[in-house]
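Note that these values count all heavy atoms, side chains included, but never hydrogens, waters or copies made by symmetry.
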Protein chains: 2
Amino acid sequence: MGNENLVFEKYLVSKGLKLTKPRKIILNTVFATHEHFNVDELYDQIRKKHKDVSRATIYRTIPLLVEAGLIKQSLRCLAKDHYEHTYGHNRHLHLICEKCGKIIEVESKETENILNKLAKKHNFNIKEFNIGAKGICNKCRKK
Amino acid sequence: MGNENLVFEKYLVSKGLKLTKPRKIILNTVFATHEHFNVDELYDQIRKKHKDVSRATIYRTIPLLVEAGLIKQSLRCLAKDHYEHTYGHNRHLHLICEKCGKIIEVESKETENILNKLAKKHNFNIKEFNIGAKGICNKCRKK
DNA sequence: TTGAGAATGAGATTTATTCTCAGAATTAAC
DNA sequence: GTTAATTCTGAGAATAAATCTCATTCTCAA
Ligand SMILES: [Mn+2]
Ligand SMILES: [Mn+2]
Ligand SMILES: [Zn+2]
Ligand SMILES: [Zn+2]
């Protein structure tokens, strides 16, 4: 159990925004699992318990969670933006199977170090990495 | 002047598809510059000379160019998919400024080697790299 | 308790991308 | 060159993720 609630509240206060019931529900549902998610999945999950949270509010809350450093935009699949935790999760890269959609997550300080070095050379200040590759997974190659 | 025409024709023939006038126009316009592009920009560019090529055909041709190994989906900006050449261009990663949208392209065999190593460990067969970072560029930091 | 501002749900709107379909173009065989 | 089988095309309709509008409700500091 992290204190994403505290982080979020701090962020909201710092921006003069209010900690409302829908925002709490959204935050808690987002952090109830550790999977990548999209708005539709999140909406369905929330709706199981709370019939009164709208899609609009979810769409409005996600940028706040991003700004607060709790989640980030991750992959885009089937024409939908997907998100994942940054708070409480180590950075990692994604190997995505083009056949079955499987996602392998791998940590690699090494790639980050190299990117940092390259960025330095170009006077570029990295805020967020986005590293990955598409290809074919083990199982799909065997078939 | 590369022979992207030859590559494309070969691909089309191999798939039992036809080398039509609109497809030639689209291919040539795509390879008339070396910049990233989106469908709207490409459409406008084509329309300057050819009033009879439709958006639908552009949308239908792009996947063929991708499959033929001539271009790849690159970044997504302002809710639009962007593309870039793979044929005739070295692989590179992108440093994207969050403030001004500037894109710095950097080659790095090193990151690719590491990714290949990691992929091998996971029995994953990489078809395409996707490496980059978001942050703040030189100019925007100074302001 | 109250008031000013922020936030909400519902549904309309936007807009990139995909789909439909009737007519046109391509290609290989004759 | 004709033909025929098939693929392609443009135009516009359709789809759907994401954003916006607005009247009403909520939040919270005072
Ligand atoms: Mn992940
Ligand atoms: Mn590029
Ligand atoms: Zn797979
Ligand atoms: Zn910049």
Side-chain angles (χ1 to χ4, degrees), chain A residues 5 8-30 36-68 71-83, chain B residues 5 8-30 36-68 71-83:
Chain A
N5 292 279
F8 194 34
E9 186 162 4
K10 237 174 200 163
Y11 168 78
L12 291 173
V13 168
S14 82
K15 295 286 182 184
L17 305 176
K18 293 170 180 175
L19 181 56
T20 63
K21 219 174 292 182
R23 284 176 180 164
K24 280 183 206 164
I25 291 168
I26 293 166
L27 175 70
N28 289 331
T29 309
V30 163
H36 292 194
F37 66 92
N38 63 40
V39 169
D40 269 1
E41 291 162 359
L42 180 56
Y43 179 77
D44 289 346
Q45 192 62 29
I46 287 173
R47 277 296 174 129
K48 287 181 187 168
K49 299 220 162 187
H50 305 92
K51 297 292 182 202
D52 50 353
V53 175
S54 72
R55 265 202 177 73
T57 298
I58 294 176
Y59 274 111
R60 284 186 287 234
T61 301
I62 282 177
L64 301 179
L65 296 175
V66 171
E67 263 297 304
I71 66 174
K72 64 172 279 197
Q73 206 173 143
S74 179
L75 305 162
R76 190 175 163 83
C77 310
L78 279 346
K80 290 175 188 167
D81 285 336
H82 285 63
Y83 301 87
Chain B
N5 293 277
F8 194 34
E9 185 163 4
K10 235 173 203 167
Y11 169 78
L12 291 173
V13 168
S14 81
K15 295 286 181 182
L17 305 177
K18 294 170 179 175
L19 181 56
T20 63
K21 220 175 291 182
R23 283 175 181 166
K24 280 183 205 163
I25 292 168
I26 292 166
L27 174 69
N28 289 331
T29 308
V30 163
H36 293 193
F37 65 92
N38 63 40
V39 170
D40 269 1
E41 290 163 0
L42 181 56
Y43 178 77
D44 289 346
Q45 192 62 29
I46 287 173
R47 277 296 174 127
K48 287 181 187 168
K49 299 219 161 187
H50 306 92
K51 297 293 182 201
D52 49 353
V53 175
S54 72
R55 265 202 178 72
T57 298
I58 294 176
Y59 273 109
R60 282 185 288 233
T61 301
I62 282 177
L64 302 179
L65 296 176
V66 171
E67 263 297 304
I71 66 175
K72 64 172 278 196
Q73 205 173 146
S74 179
L75 305 162
R76 187 175 167 84
C77 310
L78 280 345
K80 290 175 186 166
D81 285 335
H82 285 64
Y83 301 87

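Whole-Å rounding puts the D40(A) CG to dT15(D) P distance at 17 Å. Rounded to whole Å, atom P of dG10(D) lies 10 Å from atom CD1 of I46(B). dG10(D) atom P lies 11 Å from atom CZ of R23(B), rounded to whole Å. One atom, CD1 of I58(A), and another, C1' of dT19(D), lie 15 Å apart when rounded to the nearest Å.
Listed by residue number, L17(A), K18(A), T20(A) are the residues of residues 8-20 of chain A with a heavy-atom contact under 4.0 Å to DNA chain C.
Of the possible polar contacts, one joining the R23(A) side chain to the K18(A) backbone as a donor-acceptor pair under 3.5 Å is found. Between the side chain of K51(B) and the backbone N or O of R47(B), at least one donor-acceptor pair lies under 3.5 Å. Proximity of a side-chain donor or acceptor of T57(A) to a complementary backbone N or O of V53(A) within less than 3.5 Å is not detected.
Within the helix from dT1(C)-dA30(D) to dC30(C)-dG1(D), the inter-axis angle between the opening and closing five-pair segments is 30°, rounded to 10°.
The salt bridge (charged side-chain N to carboxylate O under 4.0 Å, His left out) search around R76(B) returns D81(B), not counting sequence neighbours. Not a single ring-ring contact (aromatic ring centres under 6.0 Å, His included) links H82(A) to another residue, sequence neighbours left out. For R55(B), the salt bridge (charged side-chain N to carboxylate O under 4.0 Å, His left out) partners are D40(B), not counting sequence neighbours.
For DNA chain C, the span of nucleotides reached by chain B at under 4.0 Å from its heavy atoms goes, 5' to 3', from dA16(C) to dT27(C).
Here the closest heavy-atom approach between residue K72(B) and residue V66(B) is recorded as CA-CG2, 4.5 Å. Residues L64(A) and Y11(A) share a closest heavy-atom pair of O-CE2, 3.8 Å. Of all heavy-atom pairs spanning F37(A) and L42(A), the tightest one is CE1-CD2, 3.7 Å.
Side-chain nitrogen and oxygen atoms of R60(A) include none within less than 4.0 Å of the OP1 or OP2 phosphate oxygen of dC20(D).
R55(B) comes within 4.0 angstrom of no nucleic acid atom, judged by non-hydrogen atoms across all strands. Looking at heavy-atom distances under 4.0 Å, D81(A) makes contact with sugar-phosphate atoms alone, never a base.
Taking NE2 from H36(A) and CD from Q73(A), the interatomic distance works out to 12.5 Å, rounded to the nearest 0.5 Å. Interatomic distance, CD1 of I26(B) versus CD1 of I62(B), reported as 8.0 Å (0.5 Å rounding).
Heavy-atom nearest nucleotides on DNA chain C were determined for R47(A) and for A79(B), and the one closer to the 5' end corresponds to R47(A).
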